Q: 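Mind looking over this structure? Questions follow.
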There are 2 protein chains.
Amino acid sequence: MAQSDTVDRILDAAEELFADRGFSETSLRMITSKAKVNLAAVNYHFGSKNALIHAVFARFLTPFSATLESAFDELEERCEGKPPTLNQTLWALTESAVRMPQRNEQGISIFMRLLGLAYTQSQGHLRKFLEQEYSEPFGRFMRLLKEATPQLSSVDRYWRIQFMLGATAFTMSSSDALRDILKNKLGVETTVQEIAARLVPFLAAGMQAEDAMLIPSPGSKVSVA
Amino acid sequence: MAQSDTVDRILDAAEELFADRGFSETSLRMITSKAKVNLAAVNYHFGSKNALIHAVFARFLTPFSATLESAFDELEERCEGKPPTLNQTLWALTESAVRMPQRNEQGISIFMRLLGLAYTQSQGHLRKFLEQEYSEPFGRFMRLLKEATPQLSSVDRYWRIQFMLGATAFTMSSSDALRDILKNKLGVETTVQEIAARLVPFLAAGMQAEDAMLIPSPGSKVSVA
DNA sequence: GTCTGTTTGAAACATACGTTTGAAGCGCAG
DNA sequence: CTGCGCTTCAAACGTATGTTTCAAACAGAC
């Protein structure tokens, strides 16, 4: 258990610290001291800090994309040729995330926060890595979204997908902080599953909104029921 | 124009670089070389890097919060005691942002991205600064949202506000890149105002969604019409 | 036991960072 | 012209970072 132990301890520590503080704000010395391994172990086993970041993502993203593929397979089979609905597609994604085998109880939380950071922090190498490693499930999700919203123009759909992405990535990337605020303010505890359960209806409703499409001109008083 | 020139050049450069790369990823040397001023000028005029970050926010947030206050005043006066609707409240915010006097044409874009970063990056000092400097307009907006959505529980409303924030900050922060993609893919040009015009209906619909609130349990097959 | 390839360890490396220093430059009142 | 704030400048400071080095420790095969 010599190598695997060190490698896993580094990955565990890095995952948690990255999720807590972001990538640039986490040093290798923090990681190695939390993992109780030698500083040089990171560069020995992974090659560089960036490669470690990639490894952290790959460790949960690879099994997740497999889970997601089979969830989409099952969904499409169940629909027998008809395109899955928007809600079904969104739930397939959410359930795949929630059902993933967890290393610990806050696995999803960390997972989501890392995904949010991947979009939010400007780490060019990370985005490139994710795009070329996981383009397939991502593209498939986009295809399903398109088939589920035939009433939308390409342009509307494009922007609304961005809105969904933003709401999700942003919320998840700060979900711990938000949960804390909520706990202090209203005394309510919240799980990631509950956040997801609130997020999906929000996204679906926004995605299918009647398009008011009123461009406000200066001086006009806009009021939409 | 000796001092003000240097100060403004630093603020301009810092604003743009922060929006592009985040706070930790932007060094004072990048800022000062872009601004064509001496490295020590930052610490001379602002005191520290953190204080510079605060100044960047204060420069646009102070006039914006004034604009917003008067927009809310006008709105509430127009409603004569009845609480403004959700759409009215959202449009008041959007119009205030769009109508702000801009330093350059992508002013709003940068503005939004910085706000997103303020939430996303774990910069404790920044959050503290914003909370104690701009609690008033923020609290007022929250109050209006609450009055416009009396059907929502506090917890639901809290999360949906986060979703709105995320969709907005994320989209606006990368709206330049997104506009480019859209132009190349579909050959369509888009203005920030049009994005806002698409965003507001999306947000309003999500905010007022029927709450399906189904927490998926393992093994269950969830499908919502 | 000895050899071999792999993994760990302590230390140093080069570089980049935010900040500080002290001298030089500048504009302007006296 | 002189003297006095304010501002700029080049240089250095101390610290922290990612990475490299090379010897020591280790495990398994023969």
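Order of the sequence lines sets the chain letters (A, B, ...), proteins ahead of strands, with each chain counted from 1. Keep in mind that what you see is a predicted model, and the values were worked out from it rather than measured.
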Q: Under the rule for ring pair (Phe, Tyr, Trp, His ring centres under 6.0 Å), what residues qualify as partners of A:F64, not counting sequence neighbours?
A: A:F111

Q: Any salt bridge (charged side-chain N to carboxylate O under 4.0 Å, His left out) involving residues 48-62 of chain B? Give me the pairs, sequence neighbours left out, ordered by first then second residue.
A: B:D12-B:R59, B:E15-B:R59

Q: Taking only residues two or more places apart in sequence or in another chain, which ones pass side-chain contact (heavy atoms from CB on, under 4.5 Å) with A:S48?
A: A:N50, A:A51

Q: May I have the distance from B:I31 (atom CD1) to C:dA16 (atom P), rounded to whole angstrom?
A: 17 Å

Q: Do B:Y134 and B:T62 pair up side chain to side chain, a donor and an acceptor below 3.5 Å, judged on atom types alone?
A: yes

Q: At what angle, to 10 degrees, do the two end axes of the helix from C:dG1-D:dC30 to C:dG30-D:dC1 meet, given five pairs define each axis?
A: 20°

Q: So, OP1 or OP2 of C:dT8: does either fall under 4.0 Å of a side-chain N or O from A:H45?
A: yes

Q: What string of B, S and - do you get for nucleotides 11-24 of chain D, 5' to 3', when a contact is any protein heavy atom under 4.0 Å?
A: -B----BBBBB---

Q: In whole angstrom, give the distance that lies between atom CG of A:D5 and atom C1' of C:dT8.
A: 13 Å

Q: Could you check B:L17, B:V56, B:L52, B:L126 and say which one makes a side-chain contact (heavy atoms from CB on, under 4.5 Å) with B:F23?
A: B:L126

Q: For A:I10 and C:dG9, give me the distance from atom CD1 to atom P, rounded to whole Å.
A: 11 Å

Q: Pairing donors with acceptors under 3.5 angstrom, does anything connect the side chains of B:Y44 and B:T6?
A: no

Q: Check whether the side chains of B:Q162 and A:T171 place a donor and an acceptor atom closer than 3.5 Å, and report yes or no.
A: no

Q: Listing request: all salt bridge (charged side-chain N to carboxylate O under 4.0 Å, His left out) pairs with a residue in residues 33-46 of chain A, at least two apart in sequence or in separate chains.
A: A:E16-A:K34

Q: Is there a side-chain contact between A:T6 and the phosphate of C:dT8, meaning an N or O under 4.0 Å from OP1 or OP2?
A: yes

